[in-house]
Visitor: 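Let me give you the structure first, and then I'll get to my questions.
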Amino acid sequence: MVEYSSPNTNKPLHLGHLRNNFLGWSVAEILKANGYEVLKSCIVNDRGIHICKSMIAWQLFANGATPQSTNTKGDHFVGEYYVKFNDEYKRQVNELTASGMTAEEAEKKAPVMLAAQQMLQDWEKGDKDVLELWKKMNGWVYEGFEVTYKNIGSDFDKTYYESDTYLLGKRIVEDGLTKGVFTKDGDGSVWIDLTADGLDRKIVQRKDGTSVYITQDIGLALQKYEEYKIDKSIYVIGDEQNYHMKVLKLIAEKLGLPNAENIFHLSYGMVELPSGKMKSREGTVVDADDMVTEMCETARQHTEALGKVKDFSANELESLYRTIGMGAMKFYLLRVDPRKKMIFNPEESIDFHGFTGPFVQYTYARIRSILRKESPDEQKPVSDTLLKLEKDILHKLEQFPAVIAQAASELNPSEIANYVFHVAKAFNTFYAEHSVANAESEEKKQLRLRLSVMTSNVLKTGMHLLGIEVPERM
RNA sequence: GGUCCGGUAGCUCAGUUGGAUAGAGCAUCAGCCUUCUAAGCUGAGGGUCAUUGGUUCGAAUCCAAUCCGGAUCACCA
């Protein structure tokens with residue numbers, strides 16, 4: 001099982017989430033290509049203090065506004081209130097410190113923060129009004145996410161909701177207490193001591209009895225196993241959570257959960273801006289929806305400038321722009337080693353030349369153009385000698401199965417991206433030097449037609465493993 | 001401070017089970033469209049592989065130290 005995406009329902013998706021989504025989807029496909037049975041799953045972090053924050057802000061500032069009334073996409077609408085909460089929180093903290101409170105005290109006593117904490121307790125108690133507001137606002141976010149997921153091609157076989165799994169987590173905490181894995185402090189909070197394993201003491205339940213982040217993860221780990229008896233549980237989660245995942249696995253082992261040793265954290269690096277890390281709360285994020293729109297727009301400009309598809313219908317054009325725009329974006333995010341952090345400079349938009357998605361797509365379209373005019377004839381003899389550039393292509397093509405296996409064993413789609421680029425490069429070099437249609441002999445022509453078919457198949461299959469479509473013409 | 005990750009061309013990245021002149025793409029410069037799509041092809045310039053020491057016939061790759069950058073160690077998620 002590959003768990004990926006895992007959004008919070010308090011803000012829209014950004015570029016970092018896109019890396020996660022593309023990576024998770026691609027890893028799942030690569031594993032399938034190696035014969036594994038794969039389930040794609042998603043845990044929606046739909047409850048918790050962060051959700052309450054946007055709910056509080058909506059109550060305070062919205063005056064009943066809705067996504068419909070403001071004509072805003074639902075996830076963006078709710079995200080605005082998450083930002084408003086943090087603005088108000090900062091303002092209140094400043095006010096309190098100005099009146100003589102220490103910063104630490106002010107952060108705990110700010111009225112909006114107290115209100116959010118109270119709301120979380122009310123939520124866990126099942127307060128009717130709180131639950132109703134929660135459902136309403138999450139509903140808005142889901143409507144927004146649905147659009148984004150459809151755009152970027154993310155899909156899931158199973159979606160889990162934290163609001164369903166946290167109770168199982170809390171039950172496991174109870175069990176752990178009786179087993180002596182966890183201990184309760186004087187104030188009622190529950191802890192696990194991992195100092196013997198080189199880590200720290202970690203809280204698993206707050207003194208007010210509400211659950212923390214890791215509580216639901218423990219519950220989910222068990223639930224996944226009980227439902228599907230999975231033998232490998234891959235979590236596609238950012239490397240900022242390395243410690244958290246280490247703790248999760250350790251706790252699972254100490255609790256004796258049946259699948260503890262199958263938990264694997266596919267840790268990927270953050271996408272950073274030249275100015276540093278993206279922060280939702282400070283508005284320094286590259287929004288996922290904006291990014292998609294921009295890429296398709298850039299694809300349109302390039303396509304129009306080249307003027308090769310003037311006979312396309314409006315629908316065909318729209319679909320082509322999406323194919324190229326998304327191809328450029330996915331390839332860009334998947335071509336580097338997932339474990340490494342990467343820097344994205346919004347000033348320099350994603351390239352369409354060189355080591356890019358459109359380069360590979362272009363090579364494919366070029367080959368299809370040849371094959372529309374002529375296809376190999378199985379009856380005719382094939383040249384039995386290979387020129388250097390023909391041999392180069394064949395040599396590359398032969399590596400495909402090994403590359404797929406390698407990508408699977410490393411859970412690394414960049415292996416595929418690099419490979420597919422080199423195949424395309426080899427074909428283009430050949431293409432500039434030799435002609436297929438006007439080959440020196442009929443045998444040569446047959447050979448080259450077959451090479452073309454094989455190359456186009458490898459490119460198409462390889463790109464599919466990255467979640468990228470290839471166009472017949474561009 | 002503890003733990004973990006990283007530092008390769010102006011920029012973004014490959015290469016790290018030790019092996020020949022360290023590779024791409026972008027950017028710069030010079031060429032290539034009367035024949036299958038120039039989103040392409042060919043070539044040039046550009047590197048003390050952070051630094052120092054060690055192991056080795058041989059180090060970008062292994063070891064140690066140092067410097068620089070980042071993540072994390074929350075009753076946030």
Side-chain angles (χ1 to χ4, degrees), chain A residues 6 8 10 45 47-51 53 108 113 116-117 120 162 185 187-191 194 198-217 237-247 267 269-270 272 274 276-277 280-281 299 302-303 305-309 324 327-328 332 335-337 339-345 347-348 350-374 414-415 417-418 421-422 424-425 427-439 445 448-449 452 471 473-474:
Chain A
S6 309
N8 291 329
N10 63 338
N45 298 110
R47 44 142 270 131
I49 191 79
H50 57 303
I51 311 295
K53 287 177 181 177
K108 283 182 184 161
M113 186 57 86
Q117 284 164 355
L120 181 61
E162 186 186 329
D185 266 19
D187 64 2
S189 55
V190 181
W191 297 77
L194 299 172
L199 304 177
D200 297 306
R201 256 163 62 91
K202 183 85 181 174
I203 189 158
V204 294
Q205 188 168 297
R206 296 191 188 95
K207 67 179 175 220
D208 63 10
T210 57
S211 63
V212 292
Y213 182 46
I214 202 151
T215 320
Q216 66 93 6
D217 273 341
I237 302 179
D239 61 9
E240 57 189 357
Q241 297 200 35
N242 286 353
Y243 181 79
H244 172 80
M245 291 305 294
K246 208 164 152 185
V247 169
S267 167
M270 298 288 101
E272 294 184 4
K277 217 183 151 185
S280 298
R281 274 173 299 192
H302 278 264
T303 306
L306 291 167
K308 294 179 188 174
V309 287
I324 297 173
Y332 180 85
R335 70 181 191 179
V336 304
D337 187 331
R339 287 172 285 273
K340 290 191 179 177
K341 75 173 181 203
M342 60 186 294
I343 293 172
F344 172 74
N345 188 348
E347 305 292 310
E348 307 161 10
I350 295 173
D351 219 301
F352 280 47
H353 303 270
F355 183 24
T356 67
F359 172 89
V360 180
Q361 291 173 322
Y362 173 71
T363 309
Y364 178 82
R366 232 181 184 187
I367 297 173
R368 293 303 304 162
S369 173
I370 298 170
L371 295 174
R372 264 195 301 278
K373 294 171 184 112
E374 279 193 86
S414 79
E415 297 275 347
N418 274 284
F421 170 69
H422 286 295
K425 185 86 188 161
F427 189 88
N428 282 329
T429 303
F430 157 82
Y431 181 95
E433 196 67 31
H434 305 288
S435 175
V436 177
N438 300 311
K445 184 159 135 186
R448 289 175 187 170
L449 283 170
S452 300
R473 289 176 57 195
M474 66 185 278

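Excluded from the calculations below are hydrogen atoms, water molecules and symmetry mates; all remaining heavy atoms, backbone and side chain alike, are included. So you know, we letter chains A, B, ... as the sequences are listed, proteins then strands, and number each from 1.
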Visitor: Roughly, in whole Å, what's the span from CZ in A:Arg366 to P in B:rG40?
Guide: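 So the two atoms are 9 Å apart, to the nearest Å.
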
Visitor: Stacking between B:rU3 and A:Tyr243, yes or no? Criterion: centroid separation under 5.5 angstrom, plane angle under 30 degrees.
Guide: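 One would not call A:Tyr243 stacked on the B:rU3 base.
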
Visitor: If you look at every strand shown and take non-hydrogen atoms under 4.0 Å, does A:Phe352 touch a base, only sugar-phosphate, or nothing?
Guide: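 Counting heavy atoms under 4.0 Å across all strands, the contact made by A:Phe352 includes a base.
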
Visitor: Given the P atoms of B:rA30 and B:rC49, what is the spacing between them in whole Å?
Guide: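 Rounded to whole Å, the distance is 31 Å.
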
Visitor: Answer with base, sugar-phosphate or nothing: what part of the nucleic acid does A:Phe344 contact at a heavy-atom distance below 4.0 Å?
Guide: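 Result for A:Phe344 = nothing.
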
Visitor: For the pair made of CG in A:Asp337 and P in B:rC5, what is the distance, rounded to whole Å?
Guide: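 Value for this atom pair: 14 Å.
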
Visitor: What is the distance from NZ of A:Lys340 to C1' of B:rU12, rounded to the nearest Å?
Guide: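 About 12 Å, once rounded to whole Å.
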
Visitor: Can you tell which of B:rA38, B:rC75, B:rG25 lies closest to the side chain of A:Arg206?
Guide: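 Closest nucleotide to the A:Arg206 side chain: B:rC75.
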
Visitor: Is the shortest distance from a Lys or Arg side-chain nitrogen in A:Asp337 or A:Arg339 to a carboxylate oxygen in the other one below 4.0 Å?
Guide: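 A salt bridge links A:Asp337 with A:Arg339.
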
Visitor: Which part of the nucleic acid does A:Ala432 contact within heavy-atom distance under 4.0 Å: base, sugar-phosphate only, or nothing?
Guide: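 Since only primed, P, OP1 and OP2 atoms lie under 4.0 Å of A:Ala432, the category is sugar-phosphate.
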
Visitor: Checking all strands, does A:Asp208 fall into the base, sugar-phosphate, or nothing category for heavy-atom contacts under 4.0 angstrom?
Guide: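 Counting heavy atoms under 4.0 Å across all strands, no contact is made by A:Asp208.
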
Visitor: In whole angstrom, what separates A:His302's NE2 from B:rC26's P?
Guide: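 For the pair A:His302 NE2 and B:rC26 P, the rounded distance is 13 Å.
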
Visitor: Between A:Val336 and A:Asn428, name the one whose nearest nucleotide on RNA chain B is closer to the 5' end.
Guide: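 By nearest-heavy-atom nucleotide position, the 5'-most residue is A:Val336.
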
Visitor: Please state whether the base of B:rC75 and the side chain of A:Ser189 form at least one donor-acceptor pair under 3.5 Å?
Guide: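 When only heavy-atom distances are counted, A:Ser189 does reach the base of B:rC75 through a donor-acceptor pair under 3.5 Å.
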
Visitor: Hey, is the side chain of A:Thr303 pairing donor to acceptor with the base of B:rA39 inside 3.5 Å?
Guide: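 A donor-acceptor contact between them is present.
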
Visitor: What is the nucleic acid contact for A:Phe355, judged by heavy atoms within less than 4.0 Å: base, sugar-phosphate only, or nothing?
Guide: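 Contact class for A:Phe355: sugar-phosphate only.
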
Visitor: Check every atom of B:rC75, B:rA77, B:rU35 against the side chain of A:Asn438 and return the nucleotide holding the closest atom.
Guide: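 Comparing B:rC75, B:rA77, B:rU35 against the side chain of A:Asn438, the answer is B:rU35.
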
Visitor: Looking for any heavy atom pair under 4.0 Å, which part of the strands does A:Ile343 touch: base, sugar-phosphate only, or nothing?
Guide: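 If one applies the 4.0 Å heavy-atom cut-off, A:Ile343 turns out to touch the sugar-phosphate alone, with no base involved.
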
Visitor: Does B:rC5 sit syn or anti, given that only angles within 90° of 0 count as syn?
Guide: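 Nucleotide B:rC5 adopts anti.
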
Visitor: Nearest whole angstrom, please: distance from the C1' of B:rC13 to the NE2 of A:His353.
Guide: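 Going from A:His353 (NE2) to B:rC13 (C1'), I get 19 Å.
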
Visitor: Sticking with atom C1', work out how far B:rC13 lies from B:rC73, rounded to a whole angstrom.
Guide: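 Looking at atom C1' only, B:rC13 and B:rC73 are 31 Å apart.
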
Visitor: Across all strands shown, which nucleotide pairs with B:rG1 by Watson-Crick or G-U wobble geometry, both distances under 3.5 Å?
Guide: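 WC or wobble partner is B:rC73.
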
Visitor: Which value, rounded to the nearest 0.5 Å, describes the distance between A:Phe352 atom CZ and A:Met474 atom CE?
Guide: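 Between A:Phe352 CZ and A:Met474 CE, I get 8.5 Å after rounding to 0.5 Å.
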
Visitor: Just checking A:Ile49: base, sugar-phosphate only, or nothing, at a heavy-atom cut-off of under 4.0 Å?
Guide: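 Counting heavy atoms under 4.0 Å across all strands, the contact made by A:Ile49 is with sugar-phosphate only.
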
Visitor: Say you draw a straight line from OG1 of A:Thr363 to CG of A:Asn428; how long is it, rounded to the nearest 0.5 Å?
Guide: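 A:Thr363 OG1 to A:Asn428 CG: 4.0 Å, rounded to 0.5 Å.
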
Visitor: May I ask which nucleotide in the shown strands pairs with B:rC33, Watson-Crick or G-U wobble, both distances under 3.5 Å?
Guide: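 Paired with no nucleotide.
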
Visitor: Given B:rA77, B:rC36, B:rU42, identify the nucleotide with an atom nearest to the side chain of A:Thr429.
Guide: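 Selected nucleotide: B:rU42.
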
Visitor: Using the C1' atom as the point on both nucleotides, what is the distance between B:rU17 and B:rA74, in whole Å?
Guide: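 Nearest-Å result for B:rA74 against B:rU17 at atom C1': 40 Å.
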
Visitor: Between B:rA39, B:rC36, B:rG70, which nucleotide gets closest to the side-chain atoms of A:Glu272?
Guide: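 Nearest listed nucleotide: B:rG70.
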
Visitor: Which nucleotide, if any, forms a Watson-Crick or G-U wobble pair with B:rG6, using both distances under 3.5 Å?
Guide: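 In the structure as shown, B:rG6 has B:rC68 as its Watson-Crick or wobble partner.
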
Visitor: May I ask you to test the A:Asp351-A:Phe359 pair for a side-chain heavy-atom distance under 4.5 Å?
Guide: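 A:Asp351 does not reach A:Phe359 side chain to side chain.
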
Visitor: Side chain of A:Val212, heavy atoms from C-beta onward: which of B:rC41, B:rA77, B:rC36 has the nearest atom to it?
Guide: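 Shortest atom-to-atom distance from the side chain points to B:rA77.
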
Visitor: Which value, in whole Å, describes the distance between the P atoms of nucleotides B:rC62 and B:rG15?
Guide: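 Approximately 13 Å lies between the P atom of B:rC62 and that of B:rG15.
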
Visitor: Can you tell me how far C1' in B:rU28 sits from the matching atom in B:rG46, rounded to whole Å?
Guide: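 It comes out at 10 Å once rounded to the nearest Å.
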
Visitor: In whole angstrom, give me the gap between the C1' atoms of B:rU55 and B:rC68.
Guide: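 One C1' to the other, the span is 26 Å.
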
Visitor: Please determine, for the side chain of A:Lys425, which listed nucleotide (B:rU42, B:rU37, B:rA77) has the closest atom?
Guide: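 Among the listed nucleotides, the one closest to the side chain of A:Lys425 is B:rU42.
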
Visitor: Tell me the interatomic distance from A:Leu449, atom CG, to B:rC36, atom C1', rounded to whole angstroms.
Guide: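 Roughly 10 Å, once rounded to whole Å.
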
Visitor: Using the C1' atoms only, state how far B:rG10 lies from B:rA27, rounded to an integer number of Å.
Guide: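 After rounding to an integer number of Å, I get 8 Å for this pair.
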
Visitor: Would you check if A:Glu162 and A:Ile51 make a side-chain contact, meaning some heavy-atom pair closer than 4.5 Å?
Guide: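 A:Glu162 vs A:Ile51: side chains apart.
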
Visitor: Hey, are A:His50 and A:Asn45 close enough side-chain-wise for a donor-acceptor pair under 3.5 Å?
Guide: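 No, no side-chain donor-acceptor contact under 3.5 Å.
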
Visitor: On RNA chain B, does the nearest nucleotide to A:Lys373 precede the nearest nucleotide to A:Lys246 from the 5' side, or the other way round? Give the residue.
Guide: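 First, find each residue's nearest nucleotide; the 5'-ward one identifies A:Lys246.
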
Visitor: To check you understand the geometry: which heavy-atom pair defines the closest contact between A:Met342 and A:Val336, and what is its length?
Guide: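 Scanning both residues, the minimum pair turns out to be SD-CG2, 3.7 Å.
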
Visitor: Write down the distance between CZ (A:Arg339) and P (B:rC13), rounded to a whole number of angstrom.
Guide: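 It works out to 15 Å between those atoms.
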
Visitor: Determine the Euclidean distance between corresponding P atoms of B:rC67 and B:rU52; express it in Å to zero decimal places.
Guide: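 15 Å, rounded to whole Å.
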
Visitor: Side chain of A:His50, heavy atoms from C-beta onward: which of B:rC75, B:rA77, B:rC36 has the nearest atom to it?
Guide: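 Of B:rC75, B:rA77, B:rC36, B:rA77 is nearest to the side chain of A:His50.
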
Visitor: Determine whether a donor-acceptor pair (one donor, one acceptor, N or O, separation below 3.5 Å) exists between the side chain of A:Asn242 and the base of B:rU72.
Guide: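 By the distance-only test, no, there is no pair.
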
Visitor: So do the side chains of A:Glu240 and A:Met270 get within less than 4.5 Å of each other, counting heavy atoms only?
Guide: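 In contact.
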
Visitor: Rounding to an integer number of Å, can you tell me how far A:Tyr362 OH sits from B:rG40 P?
Guide: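 Taking OH of A:Tyr362 and P of B:rG40, I get 7 Å after rounding.
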
